[in-house]
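Bear in mind that the values here come from a model prediction, so they are computed numbers and not experimental data.
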Amino acid sequence: QEHVAESGGGLVQPGGSLTLSCKASGFTLDRYTIGWHRQVPGQEREGVACSSNIDGTIYYRDSVKGRFNISRDNAENTVYLQMNSLKPEDTAVYYCVGSGVGPKYLCGSNSERFLQVWGQGTPVTVSP
């Protein structure tokens, strides 16, 4: 059974850093485009960063460009999201997701319809 599990969330002060991990099991990372979504309760889910399994293309949400970095470790079958210069508006539950579509679509609007694997989420709170 295909499964992903997130870890690494927590409380951090504005300007701080966190690294989220997404461990895949039941499949290898090269099967899917893998990315990170986030959601604030009562708001729509949004794509943050998505990485192609085909050509290495990466899509970042405008608000995180230059601050977040998504990377894959195929040997560990794990995807990471390095988050720097965190802001209070980055506060959300972060979900690891996988799909057969490209990163622009996996991180685009209404992308939940494309999901083939997703995790339970890890909360990130950015607060003084």
Side-chain angles (χ1 to χ4, degrees):
Q1 185 175 1
E2 297 180 343
H3 181 69
V4 291
E6 306 95 336
S7 62
L11 173 64
V12 62
Q13 292 187 343
S17 298
L18 275 178
T19 299
L20 306 183
S21 299
C22 169
K23 177 71 173 178
S25 59
F27 69 100
T28 56
L29 289 179
D30 59 3
R31 176 174 175 80
Y32 292 128
T33 294
I34 298 290
W36 292 90
H37 288 178
R38 67 186 181 189
Q39 187 169 27
V40 176
Q43 298 184 19
E44 290 188 0
R45 180 182 288 210
E46 58 186 29
V48 176
C50 293
S51 169
S52 169
N53 58 322
I54 302 298
D55 60 8
T57 302
I58 294 176
Y59 171 92
Y60 290 104
R61 183 173 197 82
D62 284 347
S63 61
V64 308
K65 285 181 180 177
R67 300 189 297 123
F68 288 15
N69 181 65
I70 186 172
S71 61
R72 295 172 176 246
D73 185 334
N74 290 333
E76 295 294 327
N77 218 30
T78 299
V79 175
Y80 301 97
L81 184 67
Q82 173 69 41
M83 305 186 295
N84 301 315
S85 302
L86 283 161
K87 305 176 181 180
E89 51 264 42
D90 295 318
T91 295
V93 178
Y94 284 70
Y95 298 90
C96 180
V97 296
S99 173
V101 300
K104 178 180 178 180
Y105 295 95
L106 182 57
C107 267
S109 58
N110 300 315
S111 58
E112 289 186 59
R113 56 187 166 147
F114 298 129
L115 300 187
Q116 293 177 272
V117 62
W118 60 92
Q120 294 299 308
T122 185
V124 172
T125 302
V126 184
S127 179

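With hydrogens and angles ignored, the 3.5 Å screen pairs no side-chain donor or acceptor of Lys87 with any backbone N or O of Val126. A donor-acceptor distance shorter than 3.5 angstrom exists from the side chain of Asn53 to the backbone of Arg31, with no hydrogens or angles considered. A donor-acceptor pair under 3.5 Å links the side-chain atoms of Thr78 to the main chain of Glu76, judged by distance alone. Here the side chain of Ser111 pairs a donor or acceptor atom with the backbone of Leu106 at under 3.5 angstrom.
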Take Val4 and Phe27, measure what side-chain contact (heavy atoms from CB on, under 4.5 Å) needs, and give me the verdict at the end.
CA-CA 9 Å; Val4 291; Phe27 69 100; 3.8 Å; yes

From CA spacing to verdict: side-chain contact (heavy atoms from CB on, under 4.5 Å), Ser17, Gln82:
CA-CA 7 Å; Ser17 298; Gln82 173 69 41; 3.9 Å; yes

Output, in order, the C-alpha distance, side-chain angles, deciding distance and verdict of side-chain contact (heavy atoms from CB on, under 4.5 Å) for Ser21 and Tyr80.
CA-CA 5 Å; Ser21 299; Tyr80 301 97; 3.4 Å; yes

Could you check Asn77 against Ser25 for side-chain contact (heavy atoms from CB on, under 4.5 Å), going step by step and ending with a plain yes or no?
CA-CA 8 Å; Asn77 218 30; Ser25 59; 5.9 Å; no

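Using bins of under 30°, 30° to 60° and over 60° for the plane-to-plane angle, the ring pair Tyr105/Phe114 lands in the perpendicular bin.
Scanning both residues, Arg72 and Asp30, for their nearest heavy atoms gives NH1-N, 4.3 Å. When all heavy atoms of Val48 and Val64 are compared, the closest pair comes out as O-CG2, 3.7 Å. For Pro128 against Pro14, the heavy-atom pair with the smallest separation is N-CD, 3.6 Å. Of all heavy-atom pairs spanning Ser51 and Pro103, the tightest one is N-CB, 4.2 Å. Contact detail for Ala5 and His3: the closest heavy-atom pair is CB-NE2, 4.1 Å. Closest of all the heavy-atom pairs between Thr33 and Cys50 is CG2-CB, 4.5 Å.
Atom CD1 in Ile70 sits 7.5 Å away from atom SG in Cys96 (nearest 0.5 Å). To the nearest 0.5 Å, atom CD of residue Gln13 and atom OG1 of residue Thr125 are 13.0 Å apart. A distance of 8.0 Å separates OG1 of Thr19 from CG of Leu81, quoted to the nearest 0.5 Å.
Counting heavy atoms from C-beta on, the side chains of Glu6 and Trp36 come closer than 4.5 Å. The closest side-chain heavy-atom distance from Gln39 to Tyr95 is below 4.5 Å.
By the rule that hydrophobic residues join a cluster once side-chain heavy atoms approach within less than 4.5 Å of another member, Val12 and Met83 end up as members of one cluster. By the rule that hydrophobic residues join a cluster once side-chain heavy atoms approach within less than 4.5 Å of another member, Tyr60 and Leu86 end up as members of one cluster. Cluster annotation: Trp118 is not connected to Ile34 through the hydrophobic network of ILVMFWY side chains, with a link wherever side-chain heavy atoms come within less than 4.5 Å. The same ILVMFWY cluster, assembled from side-chain heavy atoms under 4.5 Å apart, contains both Leu29 and Leu20.
Note on Lys65 versus Asp62: salt bridge recorded, some NZ/NE/NH1/NH2 to OD/OE distance being below 4.0 Å. Between Arg38 and Asp90 there is a salt bridge, since a side-chain N of the basic residue sits under 4.0 Å from a carboxylate O of the acidic one.
Annotation: Gln120, atom CD; neighbour count of heavy atoms from other residues, nucleotides and ligands within 6.0 Å does not exceed 12.
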